[in-house]
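Starting from 1, each residue takes its place in the sequence as its number. Because only heavy atoms are used, hydrogens play no part in the values below, and waters and symmetry mates are left out as well, while side chains stay in.
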Amino acid sequence: QVQLVESGGGLVQTGGSRRLSCAASGSIFNIIVMAWYRQADGLQRELVADVTNEGRTNYGDSVKGRFTVSSDNAKNTVYLQMNSLKPEDTADYYCQMIVQFRVGGPTFSYWGQGTQVTVSS
């Protein structure tokens with residue numbers, strides 16, 4: 001079984017920075033994609049950023065230029081550096097990993113429990 005444990009959430013002022021981490025545990029052969037999503041009250045969950053095992057990154061339009069996703073494949077960990085935070089970035093942030101347990105095997109999706117980020121104005 002795979003567990004994702006997130007950390008780094010909290011209260012931050014407008015214009016401030018915060019770094020989220022998400023570490024996966026379990027007998028994982030390969031993590032194909034590591035992603036961050038967020039969900040604000042009353043809204044649908046949206047993609048914030050993702051990074052593939054080849055290092056390709058993708059960002060949601062609302063965070064481009066402010067957030068940076070990175071990964072440490074040796075540690076099965078993904079990070080989200082959030083700069084120039086705005087009140088509209090307030091949400092629960094979730095990490096997702098798409099993994100394989102063997103060469104050529106099927107892929108499985110796992111989610112973290114979420115970590116809350118609140119940006120005060």
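Counting heavy atoms of neighbouring residues, nucleotides and ligands inside a 6.0 Å radius, atom CD of Q3 does not exceed 12 of them.
Taking every heavy atom of both residues into account, V2 and A24 meet most closely at CG1-CB, 4.4 Å. The two residues S109 and Q96 make their nearest non-hydrogen contact at OG-NE2, 2.9 Å. Across S17 and S84, no two heavy atoms sit closer than the pair OG-N, 4.4 Å.
Among pairs with a residue in residues 95-121, those fulfilling ring-ring contact (aromatic ring centres under 6.0 Å, His included) read Y37-W111, F101-F108, at least two apart in sequence or across chains.
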task = Would you check, one step at a time, whether the test side chain to side chain contact (heavy atoms under 4.5 Å, CB included) holds for K86 with S62?
result = CA-CA 10 Å; K86 306 174 181 180; S62 62; over 6 Å; no
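Side-chain heavy atoms closer than 4.5 Å link hydrophobic residues (I, L, V, M, F, W, Y) into clusters, and following such links, possibly through other members, connects V78 to F67.
Side-chain contact between N76 and S25 is absent, with no heavy-atom pair separated by less than 4.5 Å. The closest side-chain heavy-atom distance from Y59 to T68 is below 4.5 Å. Counting heavy atoms from C-beta on, the side chains of L20 and V117 come closer than 4.5 Å. Side-chain atoms of S120 and L11, non-hydrogen and from C-beta on, do get closer than 4.5 Å to each other.
From L80, atom CG reaches atom CE of M34 across 13.5 Å, with rounding to the nearest 0.5 Å. Summarising the geometry, atom OG belonging to S21 is positioned 9.5 Å from atom CD belonging to Q81; distances are rounded to the nearest 0.5 Å. Remark: T107 OG1 to I31 CD1 distance equals 13.0 Å, nearest 0.5 Å. Here CD1 of I28 is found 11.0 Å from CD of Q100. Values are rounded to the nearest 0.5 Å.
T90 places a side-chain N or O within donor-acceptor distance of the main-chain N or O of V119, the cut-off being under 3.5 Å. With hydrogens and angles disregarded, no donor-acceptor distance shorter than 3.5 Å links the side chain of E46 to the backbone of R38.
Residue C22 is tested with Y93, Y79, W36, Y94 for a side-chain contact (heavy atoms from CB on, under 4.5 Å); the sole match is W36.
For D89 and R18, the salt-bridge test fails: no basic side-chain N is under 4.0 Å from an acidic carboxylate O.
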Distance-only donor-acceptor hits, side chain of residues 47-55, under 3.5 Å, sequence neighbours excluded:
{"from": "T52", "atom 1": "OG1", "to": "E54", "atom 2": "N", "distance (Å)": "3.1"}
{"from": "T52", "atom 1": "OG1", "to": "G55", "atom 2": "N", "distance (Å)": "3.3"}
{"from": "T52", "atom 1": "OG1", "to": "R56", "atom 2": "N", "distance (Å)": "3.1"}
{"from": "N53", "atom 1": "ND2", "to": "N30", "atom 2": "OD1", "distance (Å)": "3.3"}
{"from": "E54", "atom 1": "OE1", "to": "R56", "atom 2": "NH1", "distance (Å)": "2.4"}
{"from": "E54", "atom 1": "OE1", "to": "R56", "atom 2": "NH2", "distance (Å)": "3.3"}

